[in-house]
Amino acid sequence: MDKVRVRFAPSPTGPLHLGGVRTALYDYLFAKNQGGEFVLRIEDTDTARYVEGAEEYIEEALEWCGIIADESPKKGGKFAPYRQSERRDIYDRYTAQILKTDYAYIAFDTAEELDAIRTEYEARGDVFSYDNRTRNQLRNSLTLSEEEVQKLLDEKTPYVVRFKMPIDRTLGLVDIIRGNFTVNTDTLDDKVLVKNDGMPTYHFANIIDDHEMEISHVIRGEEWLPSLGLHTLLYEAMGWEAPQFAHLSLILKPEGKGKLSKRDGDKFGFPVFPLNFTDPATGNVSKGYRESGYLPEAFINMVALLGWSPADDKEILSLDEMAKEFDLNKVHKAGARFSKEKAEWFNHQYIQKTSDEALLNILKNSDLNLTLSDDKLLKVIKLMKERATFPKDIYDNGKFFFEAPTSYDEKASKKAWNDETSAILEELVSNLEEAEFNAENLKQIVHNFAENKGLGMGKVMMPLRLSLVGELKGPDVPEIMELLGKEETTSRINNAINNFK
């Protein structure tokens, strides 16, 4: 295979997890780095766990992230269809093919029969495995005569197709990230390739699809590493060239051992899914990064560095910059620990890089009660975005621009207000009546007022800020005054004076 072709093949059994996003991203970055193609394939053979709406969720999530497939169920392509449920005739053809080899056999054992055998093994302290030690004592085409097999088939007896694992072979396996290792076939069981409903399992369907779609590299999570021996042998059985494999390490929970889970997100207060997901069975909503105020560029940048380090330890990279630098050989073998604080740091960095106009559009498309004109909103954004981690922070931290204070912080009041303060502010208000209301002029007026009265600036600025904001926080007071305008500024000062009388 000369051309690089990779695929992301999720199952529509629920929302896309952070780890799944990373797998899709690494697939995408590798393809773009190599001038190759990125395929989205939906592996929906597990009908029992299928979740309504999950496929659409996956597609929308990837699009929000900027991970755009070259071929997909929605876009199509020369290897369509891209849903496994629509490829049954292809699988049937290859099922017939592998049954003609010595690598597969038909098994008629019922679930009840296998459960009984497991119980027998457990009773004597052993564990049952359908493998090269036990298959010759079970009800399958290896132990039954051709006539018996045909009779059972004619009677429509349910059966599965199992892989016939070779006896005592040492497999030399290669992983791009983890290097070379060996597996002995005696440690592997005879996996089911085709279920009794005629649909292939993941193991068989994915190697058929990867072959048919000319996939050159399979990048997937480390949970599939134990299946690499079986998959390598399946390629051998079919007489096909195997792709190269790369197994990604886990994304670890913020504290302790183990894989990051939704439970960790609930415990520590962060999302584990890219978008909100509503469970169709319960109606419960799981929070997503998009709805939590993360910018897609920040989210993807954060995800990319959970297991990969670009040159010179750069941290802020666009999707294009990541694609230019991405190297599978530099993906870490060890698990990457997720950090809520680091995720927020990335979002803060991207908020600062985002234009005021773009942030205005984000705020206007939110459910916030924005009562100011666009011109004034742009000024609020300019004043407040420096400390914002999320777009909503601009509103929350600058709420005093939208609503006059109805109360005053007790601690700040004791610090800023004394018996003389009301008289000082009453005189200042009279000086503002004819003033030109721009920040530079207002700064000079307040400065001259304090100087002429022999007052320190704090004696004027602190109560002035408290009057306008309700607390001792916010940007420069003259900037606040300009944006509020003369009428609102003087109204707020007078309200404060009346409050403290």
Side-chain angles (χ1 to χ4, degrees), residues 1-9 19-20 22-31 33-36 38-39 98 101-103 129 131-133 163-191 193 201-211 213-252 257-259 304-311 325-337:
M1 301 177 188
D2 295 328
K3 188 174 184 65
V4 166
R5 283 178 55 81
V6 297
R7 50 70 167 178
F8 177 56
R22 187 188 62 172
T23 300
L25 176 61
Y26 284 8
D27 270 305
Y28 174 88
L29 294 178
F30 180 68
N33 178 273
Q34 298 292 313
F38 169 64
V39 177
I98 198 168
T101 72
D102 194 35
Y103 286 93
S129 178
D131 56 24
N132 60 29
R133 297 168 301 168
F163 186 75
K164 186 182 175 187
M165 190 59 65
I167 298 172
D168 194 24
R169 265 187 62 186
T170 299
L171 305 175
L173 304 176
V174 180
D175 184 275
I176 294 172
I177 296 170
R178 298 159 191 277
N180 300 345
F181 60 102
T182 60
V183 170
N184 189 281
T185 56
D186 285 353
T187 65
L188 306 175
D189 61 345
D190 289 3
K191 283 282 189 286
L193 302 182
T201 60
Y202 168 85
H203 298 294
F204 197 35
N206 97 87
I207 73 118
I208 291 171
D209 291 340
D210 286 346
H211 170 74
M213 296 180 185
E214 299 179 2
I215 299 303
S216 64
H217 295 74
V218 172
I219 303 169
R220 58 190 183 186
E222 70 172 25
E223 65 269 23
W224 293 111
L225 194 59
S227 301
L228 183 55
L230 169 63
H231 295 172
T232 300
L233 286 169
L234 277 167
Y235 280 103
E236 178 182 293
M238 302 302 290
W240 299 335
E241 179 186 353
Q244 295 185 58
F245 290 90
H247 290 85
L248 306 175
S249 61
L250 296 175
I251 297 178
L252 305 174
K257 296 179 180 179
K259 179 181 178 181
L305 300 193
L306 286 171
W308 167 66
S309 298
E325 285 209 31
F326 190 75
D327 184 349
L328 272 179
N329 293 298
K330 293 183 179 177
V331 172
H332 307 163
K333 294 178 186 177
R337 191 169 296 283

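Position 1 is the first residue of the sequence, and the numbers go up from there. All values derive from a computational prediction rather than experimental measurement.
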Check your understanding: If you look at every heavy atom in Ile177 and Leu248, which pair is closest and at what distance?
Key -> CD1-CD2, 3.6 Å
Review point. How long is the span from the CD1 atom in Ile251 to the OG1 atom in Thr23, to the nearest 0.5 Å?
Key: 7.5 Å
Review point. Sequence neighbours excluded, which residues qualify as side-chain hydrogen bond (donor to acceptor under 3.5 Å, both in side chains) partners of Glu325?
Key: Lys314
Review point. Once you round to the nearest 0.5 Å, how far does CG of Leu230 lie from CZ of Phe163?
Key: 6.0 Å
**Study point:** Validation row: Ser309, Lys330 side chains within 4.5 angstrom (heavy atoms)
**Key:** no
Review point. Taking the six-membered ring where the residue is Trp, are the ring centres of Trp224 and Phe245 under 6.0 Å apart?
Key: no
Check your understanding: Would you find a donor on one side and an acceptor on the other, under 3.5 Å apart, between the side chain of Asn33 and the backbone of Leu29?
Key -> no
Exercise for review: Run the ring-centre check on Phe38 versus Phe8 and record whether the distance is less than 6.0 Å.
Suggested key: no
Check your understanding: Where do Asp131 and Leu188 land on the side-chain contact (heavy atoms from CB on, under 4.5 Å) test, with the steps shown first?
Key -> CA-CA 7 Å; Asp131 56 24; Leu188 306 175; over 6 Å; no
Practice item. Quick one: pull up OH in Tyr103 and CD1 in Ile98 and give me the separation to the nearest 0.5 Å. Key: 9.5 Å
Practice item. Indicate yes or no: at least one non-hydrogen side-chain atom of Leu228 is less than 4.5 angstrom from one of His247. Key: yes
**Study point:** For the student: nearest non-hydrogen atoms of Ala246 and Ile176, plus distance
**Key:** CB-CB, 4.1 Å
Check your understanding: Do Val183 and Thr232 touch side chain to side chain, with heavy atoms closer than 4.5 Å?
Key -> no
**Study point:** Of all pairs that satisfy salt bridge (charged side-chain N to carboxylate O under 4.0 Å, His left out), the ones with a partner from residues 180-191, not counting sequence neighbours
**Key:** Arg135-Asp190, Asp189-Lys191
Practice item. Only counting residues at least two apart or in another chain, list the ones meeting side-chain hydrogen bond (donor to acceptor under 3.5 Å, both in side chains) with Arg169. Key: Glu236
Practice item. Please identify each residue that fulfils side-chain hydrogen bond (donor to acceptor under 3.5 Å, both in side chains) with Asp27, with sequence neighbours left out. Key: none
Revision key, fill the gap. Closest heavy-atom pair, Ala304 versus Tyr26, reported as atoms and distance to 0.1 Å, is O-OH, 2.8 Å
Review point. Counting N and O atoms only, with roles assigned by atom type, does the side chain of Thr170 sit under 3.5 Å from a partner on the main chain of Asn184, one being a donor and the other an acceptor?
Key: no
**Study point:** Distance in Å, Thr182 OG1 paired with Leu173 CG, rounded so as to fall on 0.5 Å steps
**Key:** 7.5 Å
Exercise for review: Compare all side-chain heavy atoms of His231 with those of Asn206 and state whether any distance is below 4.5 angstrom.
Suggested key: yes
Check your understanding: Do Ile219 and Val331 come within less than 4.5 Å of each other through their side chains, counting heavy atoms only?
Key -> no
Exercise for review: Enter the distance from Arg7:CZ to Asp210:CG here, rounded to the nearest 0.5 Å.
Suggested key: 4.0 Å
Review point. What distance do Asp175 atom CG and Lys333 atom NZ have between them, rounded to the nearest 0.5 Å?
Key: 9.0 Å
Review point. Hey, is CZ on Arg133 packed in by over 12 heavy atoms from elsewhere, all under 6.0 Å?
Key: no
Point to revise | Minimal non-hydrogen separation, Ala334 against Ser249, with atom names | key: O-OG, 2.9 Å
Exercise for review: Taking the side chain as every heavy atom from C-beta outward, state whether Arg5 and Met213 have any atom pair closer than 4.5 Å.
Suggested key: yes
Exercise for review: Can you see which heavy atom on Val6 is nearest to which on Ala31, and at what distance?
Suggested key: CG2-CB, 3.7 Å
**Study point:** Closest non-hydrogen atom pair between Leu306 and Arg22, with its separation
**Key:** O-NH1, 2.6 Å
Exercise for review: Kindly determine whether Leu328 and Gln244 satisfy side-chain contact (heavy atoms from CB on, under 4.5 Å), including the steps that lead there.
Suggested key: CA-CA 11 Å; Leu328 272 179; Gln244 295 185 58; over 6 Å; no
Practice item. Can you sort out the partners of Asp327 under side-chain hydrogen bond (donor to acceptor under 3.5 Å, both in side chains), two or more places apart, ordered by chain and number? Key: Asn329
Point to revise | Pairwise salt bridge (charged side-chain N to carboxylate O under 4.0 Å, His left out) hits with a residue in residues 216-234, at least two apart | key: Arg178-Glu222
